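As structure tokens, the structure follows; a few thoughts come after it.
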There are 2 protein chains.
Amino acid sequence: MTYCVGLMLDKGLVFMSDTRTNSGVDNISTFRKMFSFNVEGERDITLMTAGNLATTQALISLLEERSKYHSERDPDILTVPTMFQVARLVGETLREVIGEHANTGQRADAAFNATVILGGQIKGGKPCLFMIYPEGNFIEASEDTPFFQIGETKYGRPILLRAYDAAMEFDEAVKLLLVSFDSTIKANLSVSLPLDVKTYAEGKFSPHQQLRVEPDDNYFQQISQGWGVALRTAFQELPDFKF
Amino acid sequence: MTYCVGLMLDKGLVFMSDTRTNSGVDNISTFRKMFSFNVEGERDITLMTAGNLATTQALISLLEERSKYHSERDPDILTVPTMFQVARLVGETLREVIGEHANTGQRADAAFNATVILGGQIKGGKPCLFMIYPEGNFIEASEDTPFFQIGETKYGRPILLRAYDAAMEFDEAVKLLLVSFDSTIKANLSVSLPLDVKTYAEGKFSPHQQLRVEPDDNYFQQISQGWGVALRTAFQELPDFKF
């Protein structure tokens, strides 16, 4: 499994992804699931992937490769003019990768499917956040639904629903995501540290802040232990039930 | 979907179940999913069901019918001597019901499967809690895993993991379950009020307390709103993150 969240704030975008991949509980590895495409001062694009690892790696490699040979392959992720076009390009490339393996007589127990969260900004447009499906189609975040989750989405959702606020500072949003990831990691072995974190500030056209949270990270330990205590205290302070 | 939880406490057992059933979002109904079998002063048994409604209703009807004709059908749920035997009986009956429909040339989009939480006490034994699978086999709760959830289990699990304590009073446990149900109801349309609640006190051999929480229940509204506020406060009180 996987857990990735993309948040849209008034100030910009926040991304967090775990790094655990597995094919069965007896075969786990660590792989990066967050990728950046950047043209300094012009565009900053972030992708996070969930699903079949061979598919998501092929997707990222194709996007990278094609962005290096503009003359042969145009448009590419570094030249298309809008975030909507980026989403279409990523969707088409994803469908192409899945299609290559799905219809060659090969069969696998696990599907070749993958899902992508895409966010960023290109000069002339606003910051955008998309969720792209294996079929290549996609949806865009809005004020009503200002965040997307992929992978193991359920354990970490209640706190996002309750504590998200579009006016949050980046630091506060990262704290919120760490709490959401902590609840997920506690409940599902297939989601785990290290975590990749990235923030994007509107109008900056380059990454604002980036960080990898390692398993022995002191702050994460504080959040993880503190949240258990805080939840119990919050629970105790609710009005008592009487039959 | 469905959400049911059975908790084992030092003092006894607590059960809570929702009542929403659906076949598609355009076809929802309200059905009881919690059932009691009682011989005053000798045994008190509670069943909660998730899965195909025709299967779970047939299961309960068969168990009830067979308990009325001891002479023809023995043993039955009101006469077997231990909770372990009750679990076997329920498991066998469940497998029988599913088998009847699964192998008659009939096919349905949804499987005929169902899962059951079974708890209670029979004179001479301790209170027990079981989870019974569609195949008829089952597992028993222990100190290490003192509660079972069936149906939509994920949204409401983090708070159970953090705030459960075997030494809890019944009232406190009901409050905990209401918080867990509230998180689930907020995130999944196919889980909904009214909720059925039952507590069983060790050695009582009859229901301790029973209650139906209606959608306009004043206390549930307080919990639902209060928990959002409490979560946000708890979140704010965690140490701040700094890049």
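Reckoned from all heavy atoms, side chains included, excluding hydrogens, waters and symmetry mates. Here is how names work: the chains are called A, B, and so on, in the same order as the sequence lines, proteins then strands, and each is numbered from 1. Because the structure is predicted, anything quoted here is derived from the model rather than measured.
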Donor-acceptor pairs under 3.5 Å, chain B versus chain A:
unit_1 : atom_1 : unit_2 : atom_2 : d
B:E152 : OE1    : A:K154 : NZ     : 3.4
B:E152 : OE2    : A:K154 : NZ     : 2.8
B:K154 : NZ     : A:E152 : OE1    : 3.4
B:K154 : NZ     : A:E152 : OE2    : 2.8
B:R162 : O      : A:R232 : NH1    : 2.7
B:R162 : NH1    : A:S224 : O      : 3.2
B:R162 : NH2    : A:D182 : OD2    : 2.5
B:D171 : OD2    : A:K242 : NZ     : 2.9
B:K175 : NZ     : A:F235 : O      : 2.9
B:K175 : NZ     : A:Q236 : O      : 3.4
B:K175 : NZ     : A:L238 : O      : 2.9
B:K175 : NZ     : A:D240 : OD1    : 3.2
B:D182 : OD2    : A:R162 : NH2    : 2.5
B:Y219 : OH     : A:P239 : O      : 2.8
B:Y219 : OH     : A:F241 : N      : 3.2
B:S224 : O      : A:R162 : NH1    : 3.1
B:R232 : NH1    : A:R162 : O      : 2.8
B:F235 : O      : A:K175 : NZ     : 2.9
B:Q236 : O      : A:K175 : NZ     : 3.4
B:L238 : O      : A:K175 : NZ     : 2.9
B:P239 : O      : A:Y219 : OH     : 2.8
B:D240 : OD1    : A:K175 : NZ     : 3.2
B:F241 : N      : A:Y219 : OH     : 3.2
B:K242 : NZ     : A:D171 : OD2    : 3.0

The reported gap from CG in A:L238 to CG in B:L178 (rounded to nearest 0.5 angstrom) is 10.0 Å

Step through the shown structure and confirm whether more than 12 heavy atoms of other residues, nucleotides or ligands are within 6.0 Å of CG on A:L189. no

Closest heavy-atom pair, B:P239 versus A:I223, reported as atoms and distance to 0.1 Å, is O-CD1, 4.1 Å

Cut-off 4.5 Å, heavy atoms of chain B, and the answer for A:V197 is side chain

One option among A:I159, A:L161, A:L176, A:V229 has the most heavy-atom pairs under 4.5 Å with chain B, and it is A:L176

Under 4.5 Å between any side-chain heavy atoms of A:F241 and B:L211, yes or no?
yes

One option among A:A163, A:P158, A:G156 has the most heavy-atom pairs under 4.5 Å with chain B, and it is A:P158

